[in-house]
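To keep things clear, I will list the structure first and then write my remarks on it.
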Amino acid sequence: MTESPPRIGGMDVQGQNVQGLGDPEDPIVLLIGPPERLSADGRRWVRALVEAGRHVLLAPLDEADGEGAAVALRALLTELSSRPAVLCSAQTLAAVHPALVVTGPALVSCLIVVGAAPDAATPADLPRLDLEAEPATEATEAALLGFLERHAPRQALHYQAGSDARTLRDALGCFATGVTVVTTLDEQGQPVGLTANSFSSVSLDPPLILFCLARSSSNLERFRRAEHFAINVLHIGQQPMSGVFARSSTERFDGVAWESWDTGAPILSGSLASFECATHQVVEAGDHLVFIGRVTRARFEPRRDPLLYFRGRYRRLHFA
Ligand SMILES: Cc1cc2nc3c(=O)[nH]c(=O)nc-3n(C[C@H](O)[C@H](O)[C@H](O)COP(=O)(O)O)c2cc1C
């Protein structure tokens with residue numbers, strides 16, 4: 001899964017060169033301040049905003065311009081096609097404040113101030129979030145994105161039968177999953193495995209689980225012929241392994257420690273959990289086959305965190 005870099009665009013507003021990152025169709029976050037002053041944490045936020053479907057505009061306003069900065073911001077706000085969320089530092093707030101007082105919620109949806117400025121006034125009717133400048137943790141990122149969803153919500157996207165598969169895929173990607181490596185042995189006794197997040201529990205009595213295998217998989221026939229398979233649930237430290245087992249290569253097991261239990265299906269050592277199964281049923285379902293397995297043996301590690309997958313990216317658990 002390669003991450004595509006944010007799209008960079010730009011606009012010229014009354015002589016100001018405003019750089020844009022992300023999709024211009026997305027709701028705007030107007031980041032105030034010269035782009036060259038953006039810290040590493042600031043860049044991380046910009047990337048998180050773009051990935052969360054925000055169009056980030058970098059407005060090169062400098063608080064040293066005093067009244068000039070407020071005038072420039074007012075001009076910019078009147079030119080934008082939609083009401084942006086404004087994100088500025090505590091230092092810049094004093095300079096942009098006069099513009100916000102004049103325009104208020106008519107031209108701005110909400111305000112995010114980075115760095116403590118609890119006493120600084122803002123227009124009373126403008127929702128405001130204060131964020132610590134650093135570090136840019138996942139918790140502050142989540143607070144920022146959650147605030148934007150409340151005060152500058154993105155429009156929900158719709159899929160209808162027959163329309164583009166990409167939108168359906170994105171909708172399905174809203175369901176956060178763990179990540180597994182599904183394994184078996186081929187007829188020559190060679191280990192076979194691939195990364196799969198389509199794992200689900202099915203039944204406790206009898207103990208059944210499932211995963212879905214794409215018909216396009218080069219290993220389809222090997223899994224179909226084998227009478228057993230194993231599901232290895234990955235922990236957060238096994239992200240590189242997930243990458244290896246998702247790439248097309250015949251050497252996926254090179255350097256990987258694995259063991260055999262009763263059936264020979266590879267049990268990846270140190271996994272968060274492993275389930276050894278006898279193939280119970282294979283169901284044809286569109287462009288995938290659903291493999292249902294009867295669990296014959298399982299082992300799990302109670303203290304490690306899982307590797308997660310959400311909206312096409314690996315994630316980790318965090319508790320705010
Ligand atoms: C996080 C993640 C989850 C995946 N889940 C599945 C899955 O559930 N079923 C599937 O067939 N492929 C899935 N894939 C894709 C396969 O891992 C990938 O296509 C692999 O290269 C297939 O190899 P093969 O053709 O050797 O079987 C997933 C990939 C990633 C990165």
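Just so you know, ligand 1 is whichever comes first in the structure, and atom 1 is the first atom listed for that ligand. Quick note: residue numbers are just sequence positions, from 1.
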Review point. N/O to N/O below 3.5 Å, does that happen between Thr195 and ligand 1?
Key: yes
Exercise for review: Return a yes/no value for Ser198: is any of its N or O atoms, backbone included, closer than 3.5 angstrom to an N or O of ligand 1?
Suggested key: yes
Review point. According to the ring pair (Phe, Tyr, Trp, His ring centres under 6.0 Å) rule, which pairs have a member within residues 182-203, sequence neighbours left out?
Key: Phe199-Phe275
Review point. Which of the atoms of ligand 1 are close to Phe245, meaning less than 4.0 Å from one of its heavy atoms?
Key: 17 (O)
**Study point:** From Thr183 atom OG1 to Asn232 atom CG, the distance as rounded to the nearest 0.5 Å
**Key:** 5.0 Å
**Study point:** Contacting atoms of ligand 1, where contact means under 4.0 angstrom from a heavy atom of Ala214
**Key:** 10 (C), 11 (O)
Practice item. Tell me which one of Cys212, Ala196, Gly178, Gly312 gets a heavy atom nearest to atom 9 (N) of ligand 1. Key: Cys212
Exercise for review: Could you tell me whether a side-chain N or O of Thr78 sits under 3.5 Å from a main-chain N or O of Ala75, the two making a donor and an acceptor?
Suggested key: yes
Check your understanding: Is it the side chain, the backbone, both or neither of Arg252 that has a heavy atom closer than 4.0 Å to ligand 1?
Key -> side chain
**Study point:** Under 3.5 Å: N/O of His288 near N/O of ligand 1
**Key:** no
Exercise for review: Report yes if Leu194 has an N/O atom closer than 3.5 Å to an N/O atom of ligand 1; otherwise report no.
Suggested key: no
Revision key, fill the gap. Closest to atom 27 (O) of ligand 1 by heavy-atom distance, out of Ser216, Gly243, Ser217, is Ser217
Check your understanding: Can you tell me if Tyr309 has a non-hydrogen atom under 4.0 Å from ligand 1?
Key -> yes
Review point. Is there a donor-acceptor contact under 3.5 Å linking the side chains of Glu276 and Thr263?
Key: yes
Review point. For Glu25, does the CD atom sit with more than 12 other heavy atoms under 6.0 Å from it, leaving out its own atoms?
Key: no
Check your understanding: What do we get for Ser242 next to ligand 1 when only non-hydrogen atoms under 4.0 Å count, side chain, backbone, both or neither?
Key -> neither
Check your understanding: Counting from 1, what ligand 1 atoms have a heavy atom of Tyr314 closer than 4.0 Å?
Key -> 31 (C)
Check your understanding: Does Glu51 pair with Arg311 as a salt bridge, N-O distance under 4.0 Å?
Key -> no
Exercise for review: Enumerate the atoms of ligand 1 whose separation from the nearest heavy atom of Leu213 is less than 4.0 angstrom.
Suggested key: 11 (O)
Point to revise | Gap between atom OG of Ser271 and atom CD1 of Ile231 - 0.5 Å precision | key: 11.5 Å
Review point. Quick one: do Leu307 and Phe310 end up in the same hydrophobic cluster if we chain Ile, Leu, Val, Met, Phe, Trp and Tyr together by side-chain heavy atoms under 4.5 Å apart?
Key: no
Review point. Distance only, no hydrogens: is a donor on one side chain within 3.5 Å (strictly under) of an acceptor on the other, for Asp170 and Thr167?
Key: no
Exercise for review: From the options Gly193, Ser248, Ala246, select the one whose nearest heavy atom is closest to atom 21 (O) of ligand 1.
Suggested key: Ala246
